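Have a look at the structure below before the remarks.
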Number of protein chains: 2
Amino acid sequence: MPTPPGRRPRRPAPSRQPLTQERVVEAAIAVLDAEGLEAVTMRRVAQELGTGPASLYAHVSDKQELRELMLDRVAGEVRLPSEPDPARWREQLKEIASEVRRVYTSHRDIAKVSMGLIPTGPNLLAIADMELGLMRAGGVPARIAGLAVDTLGMYIDADAIEDTFYTATITGDDDPWEHFQKYLREIRAYMAALPADRYPNIVAMIDDLTAGGGAERFEFGLDLLLRGIASYVEDRPDA
Amino acid sequence: MPTPPGRRPRRPAPSRQPLTQERVVEAAIAVLDAEGLEAVTMRRVAQELGTGPASLYAHVSDKQELRELMLDRVAGEVRLPSEPDPARWREQLKEIASEVRRVYTSHRDIAKVSMGLIPTGPNLLAIADMELGLMRAGGVPARIAGLAVDTLGMYIDADAIEDTFYTATITGDDDPWEHFQKYLREIRAYMAALPADRYPNIVAMIDDLTAGGGAERFEFGLDLLLRGIASYVEDRPDA
DNA sequence: ACCTGAACACCGTTCAAGT
DNA sequence: ACCTGAACACCGTTCAAGT
């Protein structure tokens with residue numbers, strides 16, 4: 001029997017798949033990737049799933065939980081070294097940090113969720129555990145490693161946020177790199193116009209302050225931290 | 001002539017003082033201190049001033065500008081050393097960083113505004129300029145100092161955010177310290193319940209991971225960074 | 001020039017009602 | 001058990017109208 005005219009179902013595809021937490025998180029990440037973290041509202045995610053915002057509350061307790069679930073799912077994309085190599089602990093630690101940064105920045109400003117959060121999800125814990133293992137294997141004292149894993153995480157988050165901040169100012173369909181260069185020129189012009197008697201160092205160091213891309217800056221700070229951590233190793237094999 | 005009944009003015013005190021940008025920023029910081037950054041909405045600030053939200057747009061272009069003005073005003077509370085002492089450049093740099101952290105954390109989660117922002121306000125620029133001056137006086141190469149001032153700022157912001165995150169979970173009128181201890185016990189219990197075969201290092205290092213208060217953790221990371229920065233000084237006077 | 005009311009297009013979350 | 005519509009108490013920003 002054909003449906004009588006004027007009695008069409010309200011939604012084109014009534015999404016016969018039942019809602020699950022996984023589907024909610026997936027939809028949320030789709031919105032994140034397309035429009036950024038701020039656009040990930042309960043209403044927008046529900047729309048993506050062809051339902052209303054109230055339906056999500058059967059699968060996540062609130063928006064904050066959804067954000068943390070998104071973060072841990074993204075953290076699942078991080079590829080950790082299959083075998084920890086104690087001889088290369090500093091290099092492997094740097095590789096992990098760079099990989100986390102790469103994964104985070106590939107999902108817009110997801111790093112904002114991580115900032116200041118104690119990791120509890122399975123994937124975030126796996127990353128922290130491997131970092132701790134590497135430092136212990138490298139001879140970093142337990143107390144220092146315990147503090148350093150936190151500092152390292154904070155640094156990665158902060159840098160990922162900074163990175164997406166610069167590249168996210170793109171509103172239209174401009175070339176991202178060209179847009180970034182233009183922004184940099186504006187910053188330089190602003191700093192150059194500052195009173196040199198009040199801000200002598202900034203004015204004198206404009207080029208040094210705006211040098212290097214995001215990746216270079218990240219490597220620099222990461223290296224600072226690792227030098228510092230290595231300085232705590234009793235019998236310094238590489239310091 | 002007395003006002004006829006039923007013709008009372010709509011607001012009790014029509015705030016005879018004219019609105020200025022300064023008054024708007026002041027009111028916004030009052031809301032920040034009392035209720036946190038998230039409560040600083042255009043509507044809430046307007047309410048504080050006894051007017052409507054639309055009135056604010058004559059003095060700030062939008063909410064983001066208001067937030068940046070709030071940040072720079074807060075940064076004005078930072079007390080910088082009156083005289084830079086090149087011989088004590090590392091100590092003075094640490095003092096400034098600690099002072100910025102102290103001021104930020106005394107204004108709830110204002111550090112969130114700073115995170116990932118290129119400083120343009122007069123007070124933020126003054127802080128950055130002094131940091132640069134100290135590093136240059138200490139013999140840190142210009143290129144390194146230019147990168148390090150950024151890294152240092154990121155670290156301070158991240159730590160201040162983390163700090164307020166832990167102490168801001170206080171909803172009611174509990175003792176903050178007691179509340180924090182309870183939260184820490186929960187975290188420890190959660191970590192202790194993790195499968196030791198999957199997260200061997202976390203389970204083994206629970207005490208090291210949750211050791212130390214906020215200030216101690218901050219000092220640790222700050223020291224890591226300063227050790228790293230000092231390692232770039234050509235003729236190392238104190239490394 | 002500054003201020004305002006009203007409106008627009010949004011929010012997160014709850015809850016009684018449905019299946 | 002899961003889903004829903006409707007409602008509640010909010011958002012930032014714009015704009016025509018007032019003084």
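These numbers come from a predicted model, not from an experiment. A, B, ... follow the sequence lines: proteins, then strands. Residue 1 opens every chain.
Atom CD of B:Glu35 and atom P of D:dC10 are 12 Å apart (whole Å). For the pair A:Tyr57 OH and D:dG5 P, the interatomic distance rounds to 16 Å; values are reported in whole Å. The distance from atom CD of B:Glu65 to atom C1' of D:dT13 is 14 Å, rounded to the nearest whole Å. The distance from atom CG of A:Leu56 to atom C1' of D:dG5 is 14 Å, rounded to the nearest whole Å. Separating the NZ atom of A:Lys63 from the P atom of C:dG12 is a distance of 4 Å, rounded to the nearest angstrom. If you take CD of B:Gln21 and P of C:dC3, they are 13 Å apart, rounded to a whole angstrom. A straight line from CD of A:Gln47 to P of D:dT4 spans 14 Å, rounded to a whole angstrom.
If A:Arg43 and A:His59 are placed on DNA chain D by their nearest nucleotide, the residue sitting closer to the 5' end is A:His59. Position along DNA chain C of the nearest nucleotide to A:Ser61 versus A:Arg44 favours A:Arg44 as the more 5'-ward residue.
Pair assignment for C:dC11: none, as no Watson-Crick or G-U wobble contacts are both less than 3.5 Å. In a base pair of the Watson-Crick type (N1 to N3 plus N6-O4 or O6-N4) or a G-U wobble (N1-O2 and O6-N3), with each distance short of 3.5 Å, D:dC2 is matched with C:dG18.
Here the separation of C:dA9 from D:dC10, taken at their C1' atoms, is 13 Å to the nearest Å.
Listed nucleotides: D:dT14, D:dT13, D:dC3. Nearest to the side chain of B:Met42: D:dT13. The listed nucleotides are D:dC11, C:dC3, C:dG12; the one nearest the side chain of B:Ala58 is C:dC3. For A:Thr51, whose side chain is taken as the heavy atoms from C-beta onward, the closest listed nucleotide among D:dT14, C:dC3, D:dT4 is D:dT4. Listed nucleotides: D:dT13, D:dT14, D:dT4. Nearest to the side chain of B:Pro53: D:dT13.
At a threshold of 4.0 angstrom between heavy atoms, the contacts of A:Ser55 include nucleobase atoms, whether or not backbone atoms are also involved.
Taking every heavy atom of both residues into account, A:Pro200 and B:Asp129 meet most closely at CD-OD2, 3.2 Å. When all heavy atoms of A:Asp109 and A:Leu37 are compared, the closest pair comes out as OD1-N, 3.0 Å.
Taking the charged nitrogens against the carboxylate oxygens, B:Arg23 and B:Glu26 have no contact shorter than 4.0 Å, which rules out a salt bridge. Between A:Glu22 and A:Arg73, at least one side-chain nitrogen of the basic residue sits less than 4.0 Å from a carboxylate oxygen of the acidic one, meeting the salt-bridge criterion.
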Checklist entry - Taking it one step at a time, do A:Val78 and A:Arg102 satisfy side-chain contact (heavy atoms from CB on, under 4.5 Å)? => result CA-CA 9 Å; A:Val78 170; A:Arg102 184 191 66 76; over 6 Å; no
